[in-house]
Number of protein chains: 2
Amino acid sequence: MATLNDVAKLANVSKMTVSRVINHPDKVTDDLKQLVYQAMREVDYHPNVAAKALVNNSTRIIKFCVLEDIDTTEPYYMNLMIGIARSLDAQQYSLQLVTRRNFDIGNCDGYVITGMRKKDFDWIGELKKPLVIFGENRFGFDYVDTNNKAGTFMISNLALKRGYERLIFIGMDSRESFEYSREAGYLQLLQENQMVSEIHRFDNHSHLSQQFVIDNWDKFEPNTCFICASDRLALGAERGIESCGGLIPKDYGVTGFDGVFLNQVAFPQITTVKQAIVEMGMACGDKLLDKIVNHIQTSGSLMFEPKISVGGTIRVNVK
Amino acid sequence: MATLNDVAKLANVSKMTVSRVINHPDKVTDDLKQLVYQAMREVDYHPNVAAKALVNNSTRIIKFCVLEDIDTTEPYYMNLMIGIARSLDAQQYSLQLVTRRNFDIGNCDGYVITGMRKKDFDWIGELKKPLVIFGENRFGFDYVDTNNKAGTFMISNLALKRGYERLIFIGMDSRESFEYSREAGYLQLLQENQMVSEIHRFDNHSHLSQQFVIDNWDKFEPNTCFICASDRLALGAERGIESCGGLIPKDYGVTGFDGVFLNQVAFPQITTVKQAIVEMGMACGDKLLDKIVNHIQTSGSLMFEPKISVGGTIRVNVK
DNA sequence: TTAAATAATGTTACCGGTAACATGCACGAT
DNA sequence: ATCGTGCATGTTACCGGTAACATTATTTAA
């Protein structure tokens with residue numbers, strides 16, 4: 001690999017001038033810059049990341065910390081990682097995947113943390129390196145997330161427009177911010193339309209929502225739509241309805257939330273709120289690097305507007 | 001952060017002695033070793049990875065390259081990554097996720113490559129850094145994989161033991177090594193039992209196997225089991241059978257392959273060949289680091305024996 | 001006209017490790 | 001007693017960058 005020195009010799013200048021061309025180009029004359037650029041191209045110069053890291057006392061490593069149980073979340077986080085990695089690569093940072101188990105092992109320059117719960121507030125606050133949280137939170141940490149409230153509002157509205165008269169919310173049994181926001185979107189729509197709300201909550205497993213639908217089947221009149229807080233719950237609801245002989249989407253509607261993988265393997269595919277996960281991953285990376293490079297303490301949060309992904313679980317036209 | 005020098009001063013020795021205690025402990029007397037260890041503990045010494053990387057002309061970065069389209073494979077690879085990351089972390093290496101797009105950007109010390117197809121043989125052969133392929137191949141690259149043949153043999157045998165009289169294989173329409181091996185396991189069992197084989201191949205999408213079952217429903221007599229080369233195909237077959245009114249597992253059986261996620265979201269859950277993916281990921285990491293650290297050219301391949309994950313798509317007892 | 005300010009480039013030292021060589025000391029053979 | 005030998009430890013230089021300071025050339029102000 002060619003080094004600064006190689007470039008310097010070829011261009012007949014000192015290492016320092018080459019370094020300046022890269023880092024402080026305004027302090028070098030245009031003539032020299034051209035010379036140096038030319039030499040860099042000739043020897044195919046790429047900076048040595050380790051040397052930079054050493055002199056800057058940095059590691060060029062970003063830890064991506066997944067605090068949730070990985071197996072409940074796999075497909076989702078893979079996309080997020082791809083986004084983060086894409087952003088970091090561009091600036092020669094590399095991504096390290098950690099969990100609660102091995103969080104402390106080894107050094108890094110910053111963190112992207114996801115799956116944070118209330119109880120994590122304390123130790124995360126103690127961290128000395130910049131961080132970005134993936135997932136809304138009310139503790140003041142910078143975060144990136146989907147606009148959860150807008151998502152459920154939007155899809156509840158769609159269900160209403162398609163003629164379902166009763167909207168029942170099936171939420172996640174966790175007192176976390178994103179869940180509140182999703183419920184809030186549903187509630188807002190119902191209030192605006194003077195409808196009666198009904199919310200049930202379960203752990204995020206399809207068999208629980210499925211069982212719920214089966215157990216209460218006699219209470220659900222045709223023309224009901226289940227607004228679910230996750231595709232997993234929607235999948236269960238869909239199965240429950242089908243096993244009770246309900247017709248989807250004619251008599252019963254189901255909507256999900258996430259739009260990663262599960263909505264597609266369901267049959268019929270779930271009409272869901274699709275999050276722009278790869279893009280959010282890139283935003284996490286960009287935001288974090290910005291904080292690291294420019295020594296910014298707080299840079300505010302970022303909400304991505306979700307889109308509706310059309311499947312076959314709600315009617316295409318008004319009944 | 002404490003450095004070698006800090007430790008050295010505290011222990012009243014030179015940097016070099018401390019370095020030797022770490023890297024060549026046999027060249028230092030026991031007394032000094034104790035002294036140095038004590039000092040290291042006192043200042044909480046952790047080696048500076050960047051400095052090591054600089055002097056060894058290494059990067060401490062391993063690229064994990066997914067050559068397949070990520071969206072068809074998400075849940076699978078997330079687990080693999082977790083395994084790889086776990087292995088690398090222990091030795092202070094960090095993992096970089098790359099795809100075809102950004103493969104060349106930035107330096108590294110080695111590669112774990114997955115989703116390799118025949119056409120990739122050439123350029124992978126040109127790589128100058130150590131590599132491990134995830135997924136069997138017949139080009140001589142070291143690999144880690146499940147024993148695919150044993151897997152389909154095992155599960156076909158189970159179907160047979162449970163009394164299904166006809167076994168139909170639904171494979172993937174790709175002329176890759178792992179597919180051949182999976183078919184081979186099936187074929188071997190059928191030959192040993194003097195049964196007639198029947199193989200169909202599709203792209204790895206559930207709706208294709210589903211459509212196939214529906215289109216040919218009249219040809220499938222009760223007591224048939226579909227041995228599928230992936231959980232995705234199995235999911236489709238399961239749906240096809242159900243939509244035609246076939247009873248699972250009473251009259252029809254379905255088996256899958258992979259045991260990651262999809263088999264669990266199916267209903268009933270798919271009886272499948274479960275791969276030990278996290279462990280294989282760790283093996284990839286360990287193998288690669290071994291090659292890097294010890295300058296080994298070729299270290300042979302590694303086959304993991306799969307296990308059967310029992311779901312509800314084949315009978316529990318003989319009919 | 002000349003001293004002082006300013007801009008462009010070069011020199012040196014350092015980041016935290018490690019290899020290679022240098023030193024000093026104990027011990028056995030002569 | 002003398003010398004070589006081997007072992008334990010220390011010194012030096014270097015990996016590839018960058019900050020801080022030094023030097024030189026060019027302007028500007030008095």
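Labels below follow one simple rule: chain letters A, B, ... track the order of the sequence lines, proteins then strands, and each chain is numbered from 1. Atom set for the values below is all heavy atoms of this structure, side chains included, hydrogens, waters and symmetry mates excluded.
For the pair B/Asp89 and A/Lys63, the salt-bridge criterion is not met [side-chain N within less than 4.0 Å of a carboxylate O].
Here the side chain of B/Met16 is nearest to one of D/dG16, C/dT18, D/dA8, namely C/dT18. If you check D/dA8, C/dT18, D/dG16 against the side chain of B/Leu54, the one that comes closest is D/dG16. In this structure, the nucleotide among C/dG16, D/dG16, D/dC21 sitting nearest to the side chain of A/Arg20 is D/dC21. Closest to the side chain of B/Thr3, from the set C/dG16, D/dG17, D/dG10, is C/dG16. For A/Val13, counting side-chain heavy atoms from C-beta on, the closest listed nucleotide (D/dT11, D/dG16, C/dG10) is C/dG10. Ranking C/dG17, D/dT18, D/dT9 by closeness to the B/Lys15 side chain, first place goes to C/dG17. Side-chain atoms of B/Lys52 lie closest to C/dT18 of the nucleotides D/dT9, C/dT18, D/dC21. Closest to the side chain of A/Leu32, out of C/dT18, C/dT9, C/dG10, is C/dT9. Residue B/His24 places its side chain closer to C/dA19 than to any other of D/dG17, D/dA20, C/dA19.
Remark: the A/Glu136 side chain and the A/Ser177 side chain contain an N/O donor-acceptor pair separated by less than 3.5 Å. A side-chain donor-acceptor contact under 3.5 Å links B/Gln38 and B/Glu42.
A/Tyr111 pairs with exactly one of A/Phe134, A/Trp123, A/Phe64, A/Phe103 by the ring-ring contact (aromatic ring centres under 6.0 Å, His included) rule, that one being A/Phe103.
Using a 4.0 Å heavy-atom cutoff across all strands shown, B/Thr29 reaches sugar-phosphate atoms only and no base atom. At the heavy-atom level, B/Thr17 lies under 4.0 Å from the strands shown only through sugar-phosphate atoms. Residue A/Asn48 is in sugar-phosphate contact alone, with no base atom involved, counting any heavy-atom pair closer than 4.0 Å across all strands shown.
Side-chain N/O atoms of A/Asn23 include one lying less than 4.0 angstrom from OP1 or OP2 on D/dT18.
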